[in-house]
Structures are given as C-alpha cells and as structure tokens.
There are 2 protein chains.
Amino acid sequence: MQFDDKVPIYYQIKNHIYHEMMTGQLAAGAKLPAVRQLAVDLTVNVNTVQRALGEMIQEGTIESQRGKGNFVTTDTTRIAQLKEQLVVEQLERVYQQLHALNLSDDEIITSLKQYIEQRGQQHD
Amino acid sequence: MQFDDKVPIYYQIKNHIYHEMMTGQLAAGAKLPAVRQLAVDLTVNVNTVQRALGEMIQEGTIESQRGKGNFVTTDTTRIAQLKEQLVVEQLERVYQQLHALNLSDDEIITSLKQYIEQRGQQHD
DNA sequence: TATAGTGTAATAGTAGAATAGAACACTAGG
DNA sequence: CCTAGTGTTCTATTCTACTATTACACTATA
C-alpha cells in the first residue's frame with residue numbers, strides 16, 4: 001500500500017479500513033482479515049496494524065474477539081454516524097485550508113465544481 | 001500557535017506563511033520577521049523555522065539575504081501559480097477522501113454546499 | 001572598528017512512530 | 001489433548017521530527 005509520509009501510518013490504516021467499510025467491501029458484522037494477514041497486505045508491522053485497530057475498537061467501530069478475529073460492528077447506525085463524522089471532518093479541513101488561501105465561500109464551491117468537471121473530462 | 005500533531009510542524013509553518021502571503025499580510029517583496037522572532041511567535045525552535053523556510057527558498061517562494069533577512073519573492077506570477085497549486089492540492093485531497101467514503105461527485109459538491117450554508121448560519 | 005541584527009550550520013539530546021521478534025492467551029477442530 | 005489460527009503484549013532497535021545550545025558568516029550603522 002501507498003503511504004503519505006506526512007501522516008502516521010496507523011492513521012492511514014484507519015482510513016483504509018473506513019474506506020472498505022463505507023464501500024461495502026467490509027459490511028456490518030463482517031470479519032476482518034487476521035492482523036498478521038493485514039500486516040502482510042499493507043506491508044506493515046503487526047504492531048502498527050494493532051495500533052490502528054486498537055483505536056477503532058475504542059471507538060466502537062470494530063469489535064475484537066480473542067482467538068476468533070476482529071469484526072465490523074453490527075450497529076449500522078454507528079457506522080452511519082461515523083461516515084457523517086468523517087465527511088464533516090474532511091469538509092471542515094478543506095474549508096479552513098482554502099479559506100486560509102483567501103478564497104471566499106463562493107470561490108471554494110466554484111473551484112471544487114470546476115475541479116470535478118475537469119477531472120470528469122480527463123479521467124474515468 | 002496551534003499545531004496538528006498528525007503532520008510535521010515545519011510543514012504547518014509553511015502553510016502558515018503561505019496563508020499570510022495569500023491574504024496580503026505578507027505582500028510580494030515584503031520582509032519576513034527574523035527567524036528567531038518567528039521561532040518565538042510560533043513557539044517553535046529556530047531550526048524548525050529554518051527547515052520550513054529552507055524548503056520555501058528551494059521553491060523560489062521566498063528569497064534569503066544573509067545578514068539582511070528573508071523576503072517574499074517579487075515575482076507575483078510565481079505567487080499566483082503557487083496559490084493555484086495549493087488550491088488544487090487541497091481539492092485533490094478532499095475529492096479523493098470523500099470519494100473513498102463512497103460519495104458521488106454530486107454528493108461531494110452538495111455536502112460542501114450544505115456545510116458552508118450551515119456554517120454561515122452559525123458563525124461569522 | 002565595534003556592535004547589534006540577521007541568516008546558517010553543527011552538535012547533542014528527547015520523544016514518538018514504526019519495525020523485528022518473541023511470547024502469551026484464547027478458540028475451534030481433529 | 002494437540003495443533004493451527006487468532007488477538008494481545010512486551011522488549012529492543014531504528015528513524016525522524018523537534019528541541020536546545022552554540023558557533024559562525026554577513027550586513028548595517030553608530
């Protein structure tokens with residue numbers, strides 16, 4: 001896996017797993033790959049995986065069963081809340097950053113629209 | 001100054017200075033505060049300031065004059081390009097992140113609009 | 001020419017992230 | 001009961017960001 005060295009790997013692993021949860025690759029109640037397998041897949045150490053999972057267990061995002069494995073919570077409401085929270089965090093950050101670059105509210109929206117339009121022409 | 005411990009301080013200092021350049025607090029050709037003063041203002045070590053400035057000097061964003069000080073480049077085209085680049089970087093990142101959370105192009109734009117609208121009602 | 005203000009560089013030490021490796025605890029199935 | 005698969009924990013080590021401190025190089029000016 002590709003990592004941005006500007007941000008801790010364990011943090012990026014959390015986002016990676018969130019991604020799979022939100023896209024349905026990891027449905028509610030699903031069993032995650034074994035920590036040692038995850039470590040291999042992500043080309044990362046087991047302890048780093050464990051650190052990421054540890055935080056997600058604290059959050060209630062996943063549930064750990066010793067000897068069995070780690071499982072996505074079956075609480076779909078919890079997952080929906082999590083998604084909303086993650087989206088808002090992203091929006092807050094980009095808004096703050098673009099505002100700091102002196103873009104007005106309208107300019108922020110417009111520039112995003114333009115970016116997506118141009119992107120649509122070139123890719124996908 | 002407030003720092004996010006998920007990203008290197010020297011990196012956040014660069015953004016801080018970019019911010020002041022884009023908002024005109026640091027106009028083209030303007031002299032930056034002395035590195036030791038910046039260190040005090042940002043409650044950070046001189047070497048950390050120097051690391052941030054060093055990268056900006058490499059970029060051509062600021063110019064260093066030994067014994068005199070550091071100055072914002074007078075090349076306004078360069079500054080405009082930099083701003084465009086920084087904006088696009090932010091857009092790319094938020095697009096990728098929200099896309100990873102399974103939001104469609106339209107949902108991304110809509111959610112940003114909603115966020116800004118709600119924000120406008122509560123703040124400022 | 002002396003001094004204060006500036007950028008630059010080097011050293012040494014601290015803390016946190018990440019790694020490697022081993023050991024321990026629990027579960028399921030033969 | 002044994003074994004394989006699982007999560008959990010611990011120690012030691014490496015690397016990088018950051019800090020603290022000092023010294024050096026250059027500029028302007030009194």
Side-chain angles (χ1 to χ4, degrees), chain A residues 1-18 20-21 25-74, chain B residues 1-18 20-21 25-74:
Chain A
M1 179 172 167
Q2 280 280 74
F3 291 109
D4 176 0
D5 64 358
K6 290 288 186 308
V7 60
I9 294 178
Y10 76 90
Y11 202 79
Q12 299 180 58
I13 292 176
K14 284 176 68 177
N15 279 324
H16 176 73
I17 297 175
Y18 287 148
E20 299 200 319
M21 287 175 57
Q25 296 169 55
L26 279 178
K31 180 177 183 300
L32 274 71
V35 288
R36 289 173 182 79
Q37 185 59 45
L38 272 176
V40 172
D41 295 348
L42 304 173
T43 60
V44 141
N45 190 273
V46 178
N47 295 317
T48 309
V49 172
Q50 195 66 18
R51 172 152 188 188
L53 297 189
E55 292 196 359
M56 299 181 79
I57 291 167
Q58 289 297 321
E59 290 172 357
T61 305
I62 63 178
E63 292 162 8
S64 172
Q65 296 186 31
R66 197 187 193 103
K68 289 184 176 177
N70 292 304
F71 302 82
V72 176
T73 179
T74 53
Chain B
M1 179 173 167
Q2 279 280 72
F3 291 108
D4 176 359
D5 64 0
K6 289 289 186 309
V7 60
I9 293 178
Y10 76 92
Y11 203 77
Q12 299 181 57
I13 292 175
K14 284 176 67 176
N15 280 324
H16 176 73
I17 297 175
Y18 287 147
E20 299 198 320
M21 287 175 57
Q25 297 169 55
L26 279 178
K31 181 176 183 300
L32 275 70
V35 288
R36 290 174 181 78
Q37 185 59 45
L38 272 176
V40 171
D41 294 348
L42 304 174
T43 58
V44 143
N45 190 270
V46 178
N47 295 319
T48 308
V49 172
Q50 194 66 18
R51 174 154 186 186
L53 297 188
E55 291 196 0
M56 298 181 79
I57 291 168
Q58 288 298 320
E59 292 172 355
T61 305
I62 64 179
E63 291 163 8
S64 171
Q65 295 186 31
R66 197 187 192 100
K68 290 186 176 176
N70 292 305
F71 301 82
V72 177
T73 179
T74 54

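Throughout, a chain's letter reflects where its sequence line sits, starting with A, and its residues are numbered from 1.
One can place CZ of B/Phe3 at 17 Å from C1' of C/dG16, the figure rounded to the nearest angstrom. Rounded to whole Å, atom P of C/dT19 lies 13 Å from atom OH of A/Tyr10. Atom CG of A/Leu53 and atom C1' of D/dT8 are 12 Å apart (whole Å). One atom, CD1 of A/Ile57, and another, P of D/dG7, lie 9 Å apart when rounded to the nearest Å. Rounding to whole angstrom units, CD of residue A/Glu63 and P of C/dT27 are separated by 16 Å. In this structure, the CZ atom of B/Arg66 is 14 Å from the P atom of D/dA28, given to the nearest Å.
If you check distances only, the side chain of A/Asn45 does reach the base of C/dA20 with a donor-acceptor pair under 3.5 Å. Between the side chain of A/Asp5 and the base of D/dC15, no donor-acceptor pair of N or O atoms lies under 3.5 Å. For B/Arg36 and C/dG7, a side-chain-to-base donor-acceptor distance below 3.5 Å is present, hydrogens and geometry of angles not being considered.
Side-chain atoms of A/Asn70 and A/Leu38, non-hydrogen and from C-beta on, never get closer than 4.5 Å to each other.
Residue order along DNA chain C, read from the 5' end via each residue's closest nucleotide, puts B/Gln65 first among A/Asn47 and B/Gln65.
The phosphate of D/dT6 has neither OP1 nor OP2 within less than 4.0 Å of any side-chain N or O from A/Asn70. One finds no side-chain N or O of B/Lys68 lying less than 4.0 angstrom from the OP1 or OP2 phosphate oxygen of D/dC26. Listed pair A/Ser64 / D/dT8 meets the phosphate criterion, a side-chain N or O lying under 4.0 Å from OP1 or OP2.
Residues satisfying the side-chain contact (heavy atoms from CB on, under 4.5 Å) criterion with A/Gln12, sequence neighbours excluded, are A/Phe3, A/Asp4, A/Val7.
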